[in-house]
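Let me begin by presenting the structure, written as structure tokens, before commenting on it.
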Amino acid sequence: TSGSVATSPIDSSDDAYSIPVSIGTPAQVLNLDLDTGSSDLWVFSSLTTASEVNGQNIYTPSKSSTSKLVSGATWKVKYGDESTSSGVVYTDKVTVGGITASSQAVEVAKTVSASFTSNSDIDGLIGMGFDSLNSAKPSAVPTFFDNIIGNLDSPVFTADLKHNKAGSYDFGVIDSSKYTGSLTYVAVDTDPGYWKFTSSGYGIGSAAFKSTSVVGIADTGTTLLYLDTAIVKAYYATVSGASNSATYGGWVFKCSATLPNFVFGVGSAKITIPGSYINYSPVTTGSSTCFGGLQDSTDIGINIFGDVALKAAFVVFDGSDTPRLGWASK
Ligand SMILES: O=C([C@@H]1CCCNC1)N1CCCCC1
């Protein structure tokens, strides 16, 4: 089988991208954030503390004829931004893009932290990282990708994220109409569980490409591009008036600034991020100071090729016995 689901940015800053996911019988449709940087499928639910629900769609297991409680299983996930959620585990039928996992572990939230409560556009996450990142106890539960991979025509899913418009995630097929040129594949290190790869270097504007290994993760669930201090400093040195602001917690510049393109290498291929993608958003609504889409990864401890980078490319997440990432321009 193969399938495809549209994915839309939740706001004009492309803060996150959601997909409709059908859970249970009859179907309960929730808008989940497909996250290649984590491995829990968790949802807002009828069990979520009422004061922590604010406009989200919820999954009510008791209304599904196919739901089953997984006795004794609990989960608790903590993300890099310190956000958290936790709860218990059911299995139920889950369908994404026409592809069904008949007994998918659905991690039902009993509690979520404030940043989830305040985002009414996201009803939960569907993790597409490796099982080692799954938080369920006493044992990890398989991801949606784990559960469908054996039925897919090809053991892959692809990401075609776009700026301010709908893109798509495909499962089991590589649609060559969605990219230009050819795909360049790079090895993935699955330790500790991210889609971790080594970029071959970077270029800033029209300057010479710098061949250097940049290890990072392809993370659809992270908004921005986070790279080593030296690269980020060199980029903003070309933006007059840019500064690394303690007030705003990162690099800022005048919203009217012209930003150079940023190129990152994958093998001998090059992906160009338009400078405009690096004008992420005003620091506060209406401000003439803008926060950069390229930021320093020092405090994170790992480089992250988040949506700012991914939406400049077509990306194949190849879950074969030798996992790898394929990158193409589009
Ligand atoms: O928690 C995360 C991200 C948060 C946003 C959603 N994707 C997962 N991590 C990835 C980067 C290293 C630290 C852990």
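Atoms within a ligand are numbered from 1 in the order they appear, just like the ligands themselves. Keep in mind that this is a model prediction, so the values were computed, not measured. Side-chain atoms are counted along with the backbone in the values below, which use heavy atoms only and exclude waters and symmetry mates.
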Taking a 3.5 Å cut-off between nitrogen or oxygen atoms, can you list every pair linking ligand 1 to the protein, with distances?
unit_1: ligand 1; atom_1: 1 (O); unit_2: Gly80; atom_2: N; d: 2.6
unit_1: ligand 1; atom_1: 7 (N); unit_2: Asp35; atom_2: OD1; d: 2.9
unit_1: ligand 1; atom_1: 7 (N); unit_2: Asp35; atom_2: OD2; d: 3.0
unit_1: ligand 1; atom_1: 7 (N); unit_2: Asp219; atom_2: OD1; d: 3.2
unit_1: ligand 1; atom_1: 7 (N); unit_2: Asp219; atom_2: OD2; d: 2.9

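Side-chain atoms of Thr272 and Asn261 include no donor-acceptor pair closer than 3.5 Å. Checked by atom type, the side-chain pair Ser22/Thr95 shows no donor-acceptor distance below 3.5 Å. The closest side-chain donor-acceptor pair between Asn244 and Asp296, if any, does not fall under 3.5 angstrom.
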Evaluation steps, salt bridge (Lys or Arg N to Asp or Glu O under 4.0 Å), between Lys196 and Asp191 | CA-CA 8 Å; Lys196 184 168 67 175; Asp191 178 12; 5.5 Å; no
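Checking each of Phe314, Phe317, Phe197 against Trp327 for a ring-ring contact (aromatic ring centres under 6.0 Å, His included) leaves exactly one that passes, namely Phe197.
Contact check on Asp14 versus Lys162 returns no salt bridge, with no Lys/Arg side-chain nitrogen under 4.0 Å from an Asp/Glu carboxylate oxygen.
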